[in-house]
Amino acid sequence: MLEKAYEAKKFEDDIYKKWEESGAFKADSNSDKEPFTISMPPPNATGVLHLGHSIMLALEDIMIRHRRMKGYEALWLPGTDHAAIATENVVIKNLKEEQGIKNPRSLGRKGLIDEIKKYVTKSQGTIRSQIRKMGASCDWEREKYTMDASLHRCVNEVFKKMYDDELIYRGERVVNWDVALQTTLADDEVEYEEKEGTLYTFEYLSAKQTGGEPLYVATSRPETKLGDTALAIHPKDKRFKHLVGKTFDVVWPHPGGQAGDRKIKVTVISDHEVDPEFGTGVIGVTPFHSKVDYELWQRHKDEIQSYPIQIIGEDGFIMPAIKGYAGLSVEECRHKFVEGLRKDGRLKSEEKYVQQMSISYRSKMPVEPIPKLQWFIDVNKQAIDWKGKKMSLKETMLDVIKTHDIQIIPDRFEKTYFHWIDNLKDWCISRQIWWGHRVPVWYKGEEIKVGITAPNSDDWKQDEDTLDTWFSSALWTWSTLIDSNITDDTSLSLEDLLAKSPDYQKFHPTSVMETGYDILFFWIARMILMTTYATGQIPFETVYLHGLIRTRDGAKMSKSKPETCIDPLDMINKYGTDALRMSMVIGNTAGNDMRLYEEKIMGYRNFTNKLWNASRFVLGILEEKGITDEPKIDYKNLSDADEWILGKLNDTIKLADKGLMDYKISEVGQVLYDFLWNDFCDWYLELSKGDKQNPAILYYVLKNILILLHPYTPFVTEVIWGELPGQKDMLIGEKYSEIDGKDYDVNSTSQIIDVITKIRHLRSENKIEPIQKISVTIYGNKNTDILERGQEDIIRLARVGELTLEKSGDKLAGSASDVVNGIEIFIPLDGLVDTEKEKVRLEKEIANLSGYIKGVEAKLSNDNFVKNAPSAIIDGEKVKLDEAKDKVEKMKEQMKNL
RNA sequence: GGGCGAUUAGCUCAGUUGGUUCAGAGCACUUGGUUUACACCCAAGGGGUCAUAGGUUCGAAUCCUAUAUCGCCCACCA
């Protein structure tokens, strides 16, 4: 016998172990079943599980369990990500803080990587156990890690293929330089922060030089003007048109030095990029410290006489060659430079204004644009064979979404995606850190070699850089399916590897990619980019994006404010995994953020307990009746209530299955919640407390409830399943519910329920004590037969002492009364009834109904309505009208009798 | 500057293609409750002009156009 309350903690770990040992999580690439695949977004191998992971695991587990039960060959492949910069960063910080190593890089490349590996191994263990805690039914035997040898092979293969197709190139460009972490970043790894800055306006060219008005330039970064090569104006700007094409000497202040020491040559150019309205309408072009300026320079290279120089170094300080400022920080340099301008009388104004400062999404420190020789992916070169055409990476990425090869849920994110692609520039993929896949390029003097393995001779030196972490995650859906037994064989091509990998052949493209919308660009877009190119397949058919979890007040959960943070493990400990899962999955829609707080989780703990106790009740009856195996239903002898619950169950199954196929996870969860609590517990179980218990129906409905709820609350349903007589196998492997295809009379019990509800209402309105049994007279009219069959139920559930049931009769005076479905209900109260109050109530109700009747009549006499509305709606209106009229008539008579 | 989302009961949120009384749920609240599982419960109830203003339609929470407030994403006006 089950205990009185469900205590999740006592069961969950055991159940998980049993599932895992049973092999239920394992997918078979040889099976004939239709595949259903989810690649688990690999958590970073750095930390612990947070709510973002929890919601991801809950949603994906619901999807995979549903499909597995439906008979798909369901593969959910777990793994972890080496998270290059993030991980290296954490380890360096730990080494400094915990081991007192001032400069962890002094350990050398191998030494540091060994430290990182140690850390990752530990972290992966934690993550694995936490994923298990969430009940995730993923295939652990196929677990992958982005640094696995087989994945490394894929990385190198793709790099080489892209290099050979000239999609990967090496070049000097202005890149995003994270000064704190000493590495480049991709464009979308740069965030912007509003910061109040100063806009300095100063004389760039004197009146003498321009031959008219002096030329002023406004900038928030005057120090970079030391590296200017040009002045840019809008082609239509008449003020300086006559200067275009001319080159001027400009002498900048030189603290403590000779005048003329800091001389630059600038050429005036005209370009549409310049906004004549902003500032002074003139841009000082600094090619090496601004991407826009770099492009300006590229466009006007032939006109511009001087070659750019770098002012700010990789360390964030002014370059040694910049005499007078060398070694200063950017701020110090700016200060001195401005002071110099002021002294020379060239500073015109200083205005406060809000600027967007670039910061690194990893270090949260400033990002400097600096020129650097790096590896890039060309997103515009048409070198991909896609649908029989030559397309660029960009075009392919657009095509698969536009043609709906890939469906995004919710679809509004398509727009965001398109917009991102429109702005996409070549992707800088090399990073100056040690942790990651090393760039598979070797150099010997001027020679260069790109390959999947190192050249034999020691003369070759490998590129020092590693690849952007998203390079390897971009291959995730398929690199994880490559047979790791064949990836050592260097004679195989990428095509061979794909062709000879049974998992890839069976499970790719994957079915759903479920993840937070915050990594739509970082990851989803790049998987599409890389996978279409490398395999010729889309990586997934559907993208399901969930929202971010916020605190009760709508704030982001952040580690810096632990009091607002909800720790999933803590919640699991308190309320159970099932409750946590439900609370994250119900009551929100895809793509929308949701607020989570403890009371919500508690509410679903109550739900699991409700299920537990309903089951306890049913199991008790089954035991009482000596049932030891699944009973057969005698369809010839069903009560009204049996028909009602079976009908409702059919509806529920239909909604649940269709809903889940359409990924309506929240809606389905709500439907199941209501079916269990309202239909099954509040009505069917209460009705079966009479003498008409049908154990076969109780068994059947409970069984289906367990099946339907299993994807949502896998633990509690599995525990109860184990108590269900005659079920030898685990619920996880059970077939999903299907409707039985029968038609049931749902109406009869609905009438009974309505009558019971009305009587209860009248009781409580007239303040009749629950212990007090009352006499009730009912005139059933056309529903008399149904009421006769349901007499017992009415008496018991409405606590009726004496029930008089007639087809029709005189209205009873001095009674509380009501009408429902043409059924008249009277509760004689021997003058106890407050006739005035009752009158008011009836009057109000009659007025209400009359208004309604008027509305419907107007509607029905409206030619346009009759002409345009579907006939089903019109008929429905007519029926409603008749019912309402009938009810008003009866109530009016009741009023007369008060 | 561009785009997206939100605005529905005190709080957190649902509401599928416009259509029967569609204005909902949970929590909170009020009243009552030791009924053959469950107080992590049961019964009954109060509470909203669906942000605002227009429009389309026989019919709008739902579609369109503005406006307001909040939030997010993108974008180097130097």
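So you know, we letter chains A, B, ... as the sequences are listed, proteins then strands, and number each from 1.
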Novice: For B:rU52 and B:rG48, measure between their P atoms and round to the nearest Å.
Specialist: 14 Å
Novice: In whole angstrom, give me the gap between the C1' atoms of B:rC50 and B:rG24.
Specialist: 11 Å
Novice: Describe the nucleic acid contact of A:Lys415 in one word from base, sugar-phosphate, nothing, applying a heavy-atom distance below 4.0 Å.
Specialist: sugar-phosphate
Novice: At 4.0 Å (heavy atoms only), tell me whether A:Lys600 reaches a base, stays on the sugar-phosphate, or touches nothing.
Specialist: sugar-phosphate
Novice: Is a donor from one side chain sitting under 3.5 angstrom from an acceptor on the other, for A:Thr286 and A:Asp228?
Specialist: yes
Novice: Classify the ring geometry between A:Trp612 and A:Tyr6 as parallel (under 30°), tilted (30 to 60°) or perpendicular (over 60°).
Specialist: tilted
Novice: Assign A:Ser290 to base, sugar-phosphate, or nothing according to its heavy-atom contacts below 4.0 angstrom with the strands shown.
Specialist: base
Novice: Among all residues two or more places apart in sequence or in another chain, which pass the side chain to side chain donor-acceptor pair (under 3.5 Å) test with A:Glu686?
Specialist: A:Lys689
Novice: Reading RNA chain B 5' to 3', what string of ( ), [ ], | and . shows its pairs, if Watson-Crick and G-U wobble pairs count only when both distances fall under 3.5 Å?
Specialist: (((((((..((((.....[....)))).(((((.......))))).....(((((..]....))))))))))))....
Novice: Listing request: all salt bridge (charged side-chain N to carboxylate O under 4.0 Å, His left out) pairs with a residue in residues 597-610 of chain A, at least two apart in sequence or in separate chains.
Specialist: A:Arg552-A:Glu599, A:Lys574-A:Glu598
Novice: Quote, to the nearest angstrom, the P distance that separates B:rA25 from B:rA44.
Specialist: 12 Å
Novice: By nearest nucleotide on RNA chain B, pick out whichever of A:Asn606 and A:Arg760 is the more 5' one.
Specialist: A:Asn606
Novice: Once you apply a heavy-atom cut-off of 4.0 Å, does A:Arg595 come out as touching a base, just sugar-phosphate, or nothing?
Specialist: sugar-phosphate
Novice: Using 30° and 60° as the class limits, which term best fits the ring planes of A:Phe413 and A:Tyr517: parallel, tilted or perpendicular?
Specialist: parallel
Novice: Quick one, A:Phe607 with A:Met582, criterion side chain to side chain contact (heavy atoms under 4.5 Å, CB included). Give me CA distance, side-chain angles, the key distance, then yes/no.
Specialist: CA-CA 9 Å; A:Phe607 174 75; A:Met582 288 289 268; 3.4 Å; yes
Novice: Is a donor on one side and an acceptor on the other found under 3.5 Å between the side chain of A:Lys887 and the backbone of A:Val819?
Specialist: yes
Novice: Where does the angle between the aromatic ring planes of A:Phe680 and A:Tyr684 fall among parallel (under 30°), tilted (30 to 60°) and perpendicular (over 60°)?
Specialist: parallel
Novice: Between A:Glu194 and A:Gln356, is there a side-chain donor-acceptor contact under 3.5 Å, judged purely by atom types and distance?
Specialist: yes
Novice: Find which nucleotide of RNA chain B each of A:Asn868 and A:Ser688 is nearest to by heavy atoms, and output the residue with the more 5' nucleotide.
Specialist: A:Ser688
Novice: Hey, where on RNA chain B does chain A first and last touch, going 5' to 3'? Cut-off is any atom under 4.0 Å from a heavy atom.
Specialist: B:rC4 to B:rA78
Novice: What contact category does A:Leu849 fall into here, base, sugar-phosphate, or nothing, at under 4.0 angstrom with non-hydrogen atoms?
Specialist: base
Novice: How far does the C1' atom of B:rG46 sit from the matching atom of B:rC29, given to the nearest Å?
Specialist: 8 Å
Novice: Check RNA chain B against residues 575-582 of chain A and give the residues with a non-hydrogen atom under 4.0 Å, in numerical order.
Specialist: none
Novice: Using the salt bridge (charged side-chain N to carboxylate O under 4.0 Å, His left out) rule, collect all pairs that involve residues 279-297 of chain A, keeping only residues at least two apart or in two chains.
Specialist: A:Asp187-A:Lys291
Novice: Judged by atom type as modelled, is there a donor-acceptor pair below 3.5 Å linking the side chain of A:Lys859 to the main-chain atoms of A:Phe865?
Specialist: no
